[in-house]
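Nothing here was measured: the structure is a model prediction, and the numbers come from that model. Each chain gets a letter, A, B and so on, in the order its sequence line appears, and its residues count up from 1.
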Amino acid sequence: MSQVEQIKETLKQELKHAVTAAGLASAEEIPDVVIETPKDKEHGDFATNLAMQLARVAKKAPRAIADDIAANINYEAAAIDKLDIAGPGFINFFMKKDYLSDIVKTALTMNESFGTTDIGAGKKVQVEFVSANPTGTLHLGHARGAAVGDTLSNILTKAGYDVSREYYINDAGNQIDNLVLSLEARYLQEIGQDASMPEDGYHGADIIGFAKEIVESYGDRFKDADTDKRRAFFRDYGLKRETDKLKDDLADFRVRFDNWFSESSLYEEEKIQPVLDKLSANGETYEKDGALWFRSTEYGDDKDRVLIKQDGTYTYLTPDIAYHQDKLNRGFEELINIWGADHHGYIPRMQAAIQALGYEKDQLTVQIIQMVNLFENGEKVKMSKRTGNAVTMRELMEEVGIDATRYFFAMRAAETHLDFDLTLAKSESNENPVYYVQYAHARICSMLRQADEKGLKPDHEADLSVLTSEKDQDLMKKIGEYPEAVADAAKRHAPHRMTNYVYDLAQTLHSFYNAEKVLTDDEQLTKARLALVEAVRITLHNALSDIGVSAPEKM
RNA sequence: GUCCCAGUAGCUCAGCUGGAUAGAGCAACAGCCUUCUAAGCUGUCGGUCGCAGGUUCGAAUCCUGCCUGGGACGCCA
């Protein structure tokens with residue numbers, strides 16, 4: 001539990017004691033006590049609406065209840081300096097300030113692990129994201145999914161969950177047949193044969209590149225080869241190269257997966273039929289019109305879904321159900337899937353499947369990633385200027401930079417449409433939130449360098465009692481909010497809260513910087529402020545790292 | 001037609017499991033560099049929280065209906 005949580009918890013307990021001591025309500029009647037941090041500093045460090053919540057039970061006016069609570073609370077035990085009763089019945093608490101310096105010491109001591117909490121209690125969670133077909137290039141939407149999925153995984157880990165990142169490779173089915181046929185056609189074209197691309201073929205430059213590679217290594221060896229053998233080779237080759245490309249692109253985007261799960265392994269390891277058997281045994285399937293159906297409407301889906309088509313092959317859903325069964329078999333208690341907006345109609349049937357297999361609906365959450373629109377100089381960018389095709393993730397990384405790209409994609413709630421302003425993301429100015437935050441970090445590093453030249457280093461033992469200015473205290477409070485911000489973002493699956501937090505922290509630092517000096521003639525104050533800014537630096541660094549953004553020491 | 005997401009300042013968005021006067025950035029305007037990085041700070045201006053009802057001590061937040069924008073509704077993947 002973090003410092004601030006500890007304080008709040010103690011305050012809650014003392015509030016409960018005060019309520020029972022005042023005879024306002026019995027312990028069982030007291031609702032969950034909510035301690036909030038008021039927006040307005042005049043409303044204290046913390047506040048509670050408990051008196052209003054108790055109005056009905058205690059049959060008294062909220063302000064009168066607040067008076068009773070105030071008269072009965074133990075100031076010393078709750079670490080309260082003073083309290084006010086305000087508005088309709090809020091109780092505002094002004095805390096003894098020594099807790100603030102504890103926050104600084106905790107940050108310095110924990111360093112890179114500052115921000116970790118145990119609210120996840122080691123729960124095994126799997127985050128599956130990107131999972132783009134291995135048939136082409138990663139685009140904008142994938143990049144957003146990658147940024148959101150990776151950031152979410154980072155903060156879940158920090159909040160104490162046992163997280164595994166997974167990529168589902170759709171390496172079975174029609175699209176792979178198409179990949180093979182496309183590659184075959186390109187290969188034959190490369191060696192001067194008259195071959196046409198399949199109807200739904202992949203026309204990307206990457207396929208042509210692979211065909212050229214094959215010609216370089218193998219010449220025209222496959223010209224008259226047995227079609228099945230040739231295609232088997234092209235299948236393996238194409239998949240390998242496509243998957244490698246995905247891995248490279250994502251690694252360069254600072255996204256790594258714990259597991260790359262192959263769809264075709266479900267076939268090879270015969271994991272599909274047992275799941276069909278289980279569904280049938282549970283009475284969740286029936287036959288109609290020569291097909292096998294899943295009664296997904298039993299679990300709120302619009303219509304039942306076909307599992308085995310008339311021609312005897314599976315629909316896309318079938319191996320996907322087996323895949324989710326496999327995930328659950330691997331011991332994951334909670335599954336988080338991050339899908340593109342075009343898949344959102346697919347959610348009810350997948351959730352139905354989870355339940356039909358005997359699991360709870362909420363063991364699967366699906367986070368939808370909404371569409372991304374690129375803008376440059378106020379104009380909508382439809383196509384890449386370089387290639388004339390849709391803008392790829394790699395182009396974005398190269399043009400905008402990884403830091404800005406990651407930050408911008410993490411910045412907005414995933415389920416909202418995102419306008420990505422290229423001009424802003426590329427600008428090296430205060431308008432650009434990424435630079436604004438990074439600048440705060442660099443500024444601190446600069447001060448630390450100058451202190452270092454004078455032989456001063458941030459010291460865990462510094463006497464922080466001299467940090468009494470408003471800006472000092474604002475900063476300490478803001479640092480103290482970090483573990484909660486992480487926990488909150490994790491609980492709500494809301495990675496964009498981290499960019500909000502880190503921006504706030506940077507703002508508080510810049511404001512402090514303009515109002516107070518760190519390196520002064522007053523040695524005690526200098527030491528205290530060095531410890532303070534080092535704690536800010538650690539927090540900025542950690543929060544940026546959650547988002548996948550670097551924390552530069554110079555700018 | 002059914003379902004999902006969104007609608008908050010001129011623009012881009014926070015806030016949404018009910019709480020105090022609805023916040024931030026940009027834009028506009030006015031200030032701050034002999035001082036640790038001005039990629040910064042301070043202030044001013046800016047709102048019928050899409051519309052209409054409802055629930056209650058209290059609604060941007062919850063419920064219902066409607067309007068607008070986007071998306072999904074295959075024995076495709």
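For B/C45 and B/A30, the P atoms lie 15 Å apart once the distance is rounded to whole Å. Straight-line distance between the C1' atoms of B/C5 and B/U42: roughly 40 Å, to the nearest whole Å. Using atom C1' as the reference point in both B/A24 and B/G65, the two lie 34 Å apart (nearest Å). Only the P atoms considered, B/C49 is 11 Å distant from B/U8, to the nearest whole Å. Atom C1' of B/A9 sits at a distance of 13 Å from the matching atom of B/U48, rounded to the whole Å. Comparing the same atom, C1', in B/C73 and in B/C62 gives a spacing of 28 Å after rounding to whole Å. Separation of the P atoms belonging to B/A28 and B/G71 is 33 Å when rounded to the nearest angstrom. Rounded to a whole angstrom, the distance from the P atom of B/C29 to that of B/C67 is 42 Å.
Between A/Tyr503 and A/Tyr436, the ring center distance clears the sub-6.0 Å criterion. Taking the six-membered ring for Trp and the full ring otherwise, A/Phe409 and A/Phe420 have centroids separated by under 6.0 Å.
With rounding to whole Å, A/Asn337 atom CG is found 16 Å from B/A77 atom C1'. A/Tyr503 places its OH atom 12 Å from the C1' atom of B/C41, with the value rounded to the nearest Å. Straight-line distance from the CZ atom of A/Arg492 to the C1' atom of B/C16: 8 Å, rounded to whole Å. If you measure from atom CZ of A/Arg412 to atom P of B/C11, you get 15 Å, rounded to the nearest angstrom. One interatomic measurement links the two molecules: CE of A/Met447 to C1' of B/A38, which rounds to 15 Å at whole-angstrom precision. Going from atom OH of A/Tyr436 over to atom P of B/A38 covers 13 Å, rounded to whole Å. Between the C1' atom of B/C13 and the CZ atom of A/Phe408 lies a distance of 12 Å, rounded to the nearest Å. As rounded to whole Å, 13 Å separates atom P of B/A24 from atom CG of A/Asn500.
Within 6.0 Å of the CD atom in A/Glu360, the count of heavy atoms belonging to other residues, nucleotides or ligands does not exceed 12.
Base pairing in RNA chain B yields stems of at least 3 consecutive Watson-Crick or G-U pairs, both distances under 3.5 Å, namely B:1-7 with B:67-73, B:10-13 with B:23-26, B:28-32 with B:40-44, B:50-54 with B:62-66.
A/Ser511 has a side-chain polar atom (N or O) that falls below the 4.0 Å cut-off from OP1 or OP2 of B/U42. In this model, the phosphate group of B/A24 is not approached by any side-chain N or O of A/Tyr501 to a distance below 4.0 Å at OP1 or OP2. Proximity of A/Arg449 to the phosphate of B/C36: no side-chain N or O atom is located under 4.0 Å from OP1 or OP2. For B/G15, the OP1/OP2 oxygens have a side-chain nitrogen or oxygen of A/Arg497 closer than 4.0 Å. Within the structure, every side-chain polar atom (N or O) of A/Gln53 is placed at least 4.0 Å from both OP1 and OP2 of B/C57.
Within 4.0 Å of A/Met411, counting heavy atoms only, lies no atom of the nucleic acid at all. Nucleic acid contact for A/Glu553: base, since at least one base atom lies under 4.0 Å from a heavy atom of the residue. Within 4.0 Å (heavy atoms only), A/Ala515 reaches no atom of the nucleic acid at all. Contact annotation for A/Glu453: no contact, since no heavy-atom pair falls under 4.0 Å across all strands. Within the nucleic acid shown, A/Ala440 has no heavy atom closer than 4.0 Å to any nucleic acid atom. Residue-level contact check: A/Gln438 touches neither bases nor backbone, having no heavy atom under 4.0 Å from any strand.
Comparing B/A6, B/G25, B/A38 by their closest approach to the side chain of A/Glu415 singles out B/A6. Taking only side-chain atoms of A/Asn174, from C-beta outward, the nucleotide of B/G19, B/C76, B/U42 with the closest atom is B/C76.
With RNA chain B read from its 5' end, the first of the two nearest nucleotides for A/Asn92 and A/Asn170 is the one closest to A/Asn92. The nearest heavy atom of RNA chain B to A/Gly87 and to A/Thr416 marks one nucleotide each, and the one closer to the 5' end goes with A/Thr416.
A donor-acceptor pair under 3.5 Å is formed between the side chain of A/Asp304 and the backbone N or O of A/Ser296. Of the possible donor and acceptor atoms, none in the side chain of A/Gln524 sits under 3.5 Å from a partner among the backbone N and O of A/Val466.
Cation-pi geometry between A/Lys123 and A/Tyr161 is not met: the NZ or CZ atom fails to fall both under 6.0 Å from the ring centre and inside 45° of the normal.
Ring orientation note: the planes of A/Tyr346 and A/His343 are nearly perpendicular, at an angle over 60° on the 30°/60° scale. Relative ring orientation between A/Tyr168 and A/Tyr323 is described as parallel, the plane-to-plane angle staying below 30° on a 0-90° scale split at 30° and 60°.
Partner of A/Met411 under the side chain to side chain contact (heavy atoms under 4.5 Å, CB included) criterion, out of A/Ile547, A/Leu418, A/Thr499, A/Asn500: A/Thr499 alone.
Salt-bridge check for A/Glu298 with A/Arg295: failed, with every basic side-chain N at 4.0 Å or more from each acidic carboxylate O. Classification of A/Glu376 and A/Lys426 as a salt-bridged pair holds, one side-chain N sitting under 4.0 Å from a carboxylate O.
A/Tyr513 places a side-chain heavy atom less than 4.5 Å from the side chain of A/Arg443.
In this structure, B/C49 is classed as anti because its glycosidic torsion departs from zero by more than 90°.
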| request: Spell out protein contact along nucleotides 68-75 of chain B as letters: B when the base is contacted, S when just the sugar-phosphate is, - when no protein heavy atom is under 4.0 Å; keep the 5' to 3' order. | output: --SBSSSB
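For B/A14, its base never sits under 3.5 Å from the side chain of A/Asp504 at any donor and acceptor pair.
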